[in-house]
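The chains referred to below are lettered A, B, ... by the order of the sequence lines, with proteins before strands, and numbering in each begins at 1. Since the structure is predicted, the reported quantities are computational estimates derived from the model, not experimental observations.
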Protein chains: 2
Amino acid sequence: MKKRTTIDDVAREAGVSRQTVSRAMNGMDGISVHTRDRVLETIDDLGYRPSRLARGMASSQSQTIGLIIGNIIDPAQANVVRGLNDAAEAKNHNVFLRNSDNIAARELEALKSLTAENVDGIVITSPSLPAKTLTSFADQNCPIVVVHREVTAKHVSSITTNTERATRTVVEYLIGAGHQHIGLITRMGDVEQIRHVWGYKETLVNRNLPYCSSRIAQADTNLKGGYEAAYKLLSKDKNLTAIATYNDLMALGAMKACADLGRAVPADVSIIGYDDIEFASHIKPSLTTLRFQGYDIGCSAFERLMEMINRPEEDFPPVILNIELVIRDSTCTIY
Amino acid sequence: MKKRTTIDDVAREAGVSRQTVSRAMNGMDGISVHTRDRVLETIDDLGYRPSRLARGMASSQSQTIGLIIGNIIDPAQANVVRGLNDAAEAKNHNVFLRNSDNIAARELEALKSLTAENVDGIVITSPSLPAKTLTSFADQNCPIVVVHREVTAKHVSSITTNTERATRTVVEYLIGAGHQHIGLITRMGDVEQIRHVWGYKETLVNRNLPYCSSRIAQADTNLKGGYEAAYKLLSKDKNLTAIATYNDLMALGAMKACADLGRAVPADVSIIGYDDIEFASHIKPSLTTLRFQGYDIGCSAFERLMEMINRPEEDFPPVILNIELVIRDSTCTIY
DNA sequence: TTGTAAGCGTTATCAA
DNA sequence: TTGATAACGCTTACAA
């Protein structure tokens with residue numbers, strides 16, 4: 001239990017003032033090269049590390065950001081966490097993580113607690129909260145980056161795919177492969193869910209195929225949700241030959257439902273996911289899916305947030321990510 | 001962009017001193033019920049939230065702990081994060097997360113940076129680092145809870161299963177089911193890996209079955225690692241009828257290898273995992289595995305760490321968790 | 001029961 | 001190029 005080494009210890013040891021030490025370690029100018037080197041060496045000798053707390057107090061920048069995530073058990077989202085964490089670490093920033101379980105009330109609670117913790121900014125993925133709530137927090141001196149949903153406002157910026165377009169891509173692909181009876185497994189009500197359904201409906205209508213809301217099932221965005229939704233869909237509509245899902249977890253759940261119902265994938269039913277988690281390619285049959293680059297998106301979200309913190313008055317247009325369809329063995333052509 | 005509400009604002013508004021506000025909000029005594037209520041009301045009116053930074057500075061307790069995890073993409077580990085986060089949130093604590101990718105050097109880096117960040121304590125899962133390194137950090141006024149490995153020292157405490165015993169349970173079960181040629185997929189060198197191999201070897205020897213080191217493969221503890229290890233094992237030893245793995249991810253990878261090699265699970269090869277992640281029961285065939293209660297363990301790790309922080313001089317004996325074998329469809333009896 | 005004063009370890013501001 | 005001094009928002013110790 002030794003006492004903490006402080007900036008004053010370094011100053012005394014190096015025979016300079018506290019402020020000079022500060023200048024040296026923060027790479028500010030107004031200090032001679034010679035002095036800086038000596039101070040840096042002393043810092044090293046003493047194993048000195050500045051206190052984040054004291055820094056935060058003095059500079060009113062905590063070097064800490066918040067990350068609110070729906071479900072960390074989902075590997076796609078875990079990848080966002082990993083990317084954001086690595087990017088933050090590289091810039092000497094810390095991350096407070098909050099798991100919302102995709103519940104709006106918990107997102108709100110997380111937003112409140114994080115702002116109270118003096119974080120410099122917040123990244124939130126697939127929020128269920130209304131845009132208005134988000135912007136009200138952003139106005140309180142706390143920029144927000146929204147991942148996986150488009151929200152445009154002062155101090156708010158988005159990094160997202162175009163869900164509607166992505167869904168069109170998927171459904172087009174299935175129709176092109178000869179499927180006429182396509183089911184959709186989507187998440188519970190929220191803006192993204194509406195876009196998901198739109199993309200689906202629109203494509204069917206454009207292609208002169210019947211649209212039928214009974215072929216849409218809403219469920220929790222996890223294995224169990226996907227399983228139950230697919231089970232229901234396939235049980236009540238024997239004609240379905242394909243199902244598109246909101247994410248890979250749901251797709252894998254749907255594959256299990258097919259197995260339990262004695263429907264072969266892809267021979268009887270084609271399944272298509274969204275995310276391309278590692279499991280997608282390590283399962284039999286491997287999963288056709290849309291690729292979501294979670295890790296990179298986590299990094300980008302951090303970079304974007306830093307820009308917003310450093311240039312508060314600037315507007316940052318949303319980043320719309322490209323989507324890539326990865327065709328594997330869970331889908332096939334029918335005649 | 002409004003200015004932060006401080007304790008002084010509350011004090012002024014309530015017509016009391018700063019100290020009285022502090023007493024009221026921290027539930028200390030030496031304050032009249034009447035005054036407290038008035039102060040609390042003012043706090044509420046003003047929407048005041050104390051600054052974690054200032055608190056940390058003044059009390060030299062940051063209300064923040066560190067969590068170093070091997071691989072957050074692994075759902076079993078993600079569950080630990082979730083449990084620990086929820087427990088911490090309930091006690092108004094924050095968590096700094098570090099992903100080590102199971103690399104000892106990154107664990108060390110994380111340990112260094114976290115202690116520099118004035119965390120009150122650290123939880124680390126399955127560390128590769130030598131016990132000595134861990135204890136040296138613990139001595140620096142930073143208690144450590146080690147999950148998934150037993151380390152006993154002053155200011156260090158463990159929550160773990162007995163890997164050796166767990167492995168014995170698994171191998172006994174397989175032998176009892178008639179298997180005589182059992183392979184083992186384990187992680188890269190580390191204390192736990194040695195225990196894993198011991199439990200395996202010991203059981204074989206006790207049951208008078210040949211032990212053969214070529215039936216052991218070491219790999220990364222993920223899907224790819226499990227896939228490659230199983231592929232190698234099954235290719236070079238056609239007699240194997242069962243494989244025990246270090247975790248479910250590796251087991252699922254192994255199942256894919258079986259599929260690619262045209263070996264049916266469980267008819268030709270029985271596979272057994274460790275963790276019981278959600279996928280284990282949502283895959284075809286469902287995975288026989290040992291249950292690891294990640295969420296609860298995360299909670300316990302936090303509680304334990306709080307105890308250690310509050311009672312620094314006390315010794316905390318390791319918690320050895322019970323293991324439960326969950327028999328599903330990836331294993332079968334052979335004759 | 002309440003208030004006053006002195007830190008905690010930095011950065012920011014201004015003076016030398 | 002440097003250094004002294006004042007914040008930052010809170011807790012702790014002590015005085016009233």
Between D139(A) and K154(A), is the closest basic N to carboxylate O distance under 4.0 Å?
no
Take the protein atom CZ of R49(B) and the nucleotide atom C1' of dC10(D), then report the distance between them rounded to whole Å.
17 Å
Could you tell me how far apart H34(B) (NE2) and dT1(C) (C1') are, to the nearest whole angstrom?
13 Å
For G15(B) and for V21(A), locate the closest nucleotide of DNA chain C by heavy-atom distance; then report the residue assigned to the nucleotide nearer the 5' terminus.
G15(B)
May I ask you to check whether H93(B) and F302(B) place their ring centers less than 6.0 Å from one another?
yes
Show each protein N/O and nucleotides 13-16 of chain C N/O combination with a separation under 3.5 Å, one pair to a line.
from    : atom 1 : to     : atom 2 : distance (Å)
dT13(C) : O4     : Q19(A) : NE2    : 3.3

If you find the nucleotide of DNA chain C closest to T35(B) and the one closest to A54(B), which residue's nucleotide is nearer the 5' end?
T35(B)
Residue pair R52(B) / S62(B), side-chain donor-acceptor N/O under 3.5 Å:
no
Is any side-chain N or O of S22(A) closer than 4.0 Å to OP1 or OP2 of dA12(C)?
no
From C-beta outward on S32(A), which listed nucleotide comes closest to its side chain: dT10(C), dT2(D), dG9(D)?
dT2(D)
Both D29(A) and R18(A) contact DNA chain D. Which one's nearest nucleotide lies toward the 5' end?
D29(A)
What is the separation between atom CD on Q61(A) and atom C1' on dT10(C), rounded to the nearest whole Å?
14 Å
Here the distance between atom C1' of dT11(D) and atom CZ of R55(B), to the nearest Å, is 9 Å
Atom CG of D9(B) to atom P of dG9(D): distance rounded to whole Å?
9 Å
Is the shortest side-chain N to carboxylate O distance from R98(A) to E107(A) below 4.0 Å?
no
Below 4.0 Å: OP1/OP2 of dC8(D) and any side-chain N or O of S59(A):
no
Starting from P on dT2(D), measure out to CZ on R12(A) and report it in whole angstrom.
20 Å
Hey, are the side chains of Q293(B) and L321(B) touching, using non-hydrogen atoms and a 4.5 Å cut-off?
no
Tell me the interatomic distance from I43(A), atom CD1, to dG9(C), atom C1', rounded to whole angstroms.
14 Å
Can you see if the side chain of S17(B) gets near the phosphate of dT4(C) - specifically, an N or O under 4.0 Å from OP1 or OP2?
no
Would you mind writing out the side-chain donor-acceptor pairs for residues 123-135 of chain A within the sub-3.5 Å range, not counting sequence neighbours?
from    : atom 1 : to      : atom 2 : distance (Å)
S128(A) : OG     : R187(A) : NH2    : 3.4
T135(A) : OG1    : A131(A) : O      : 3.3
T135(A) : OG1    : K132(A) : O      : 2.9

Contact under 4.0 Å: S60(A) side-chain N or O vs dC8(D) OP1/OP2
no
Taken in chain and number order and not counting sequence neighbours, the residues that satisfy side chain to side chain contact (heavy atoms under 4.5 Å, CB included) with D101(A) are N99(A), I103(A), R106(A), R82(B)
Counting only side-chain nitrogens and oxygens, does S51(A) get under 4.0 Å of the OP1 or OP2 atom of dC8(C)?
no
Calculate the interatomic distance between M28(B) atom CE and dA13(D) atom P; express it in whole Å.
9 Å
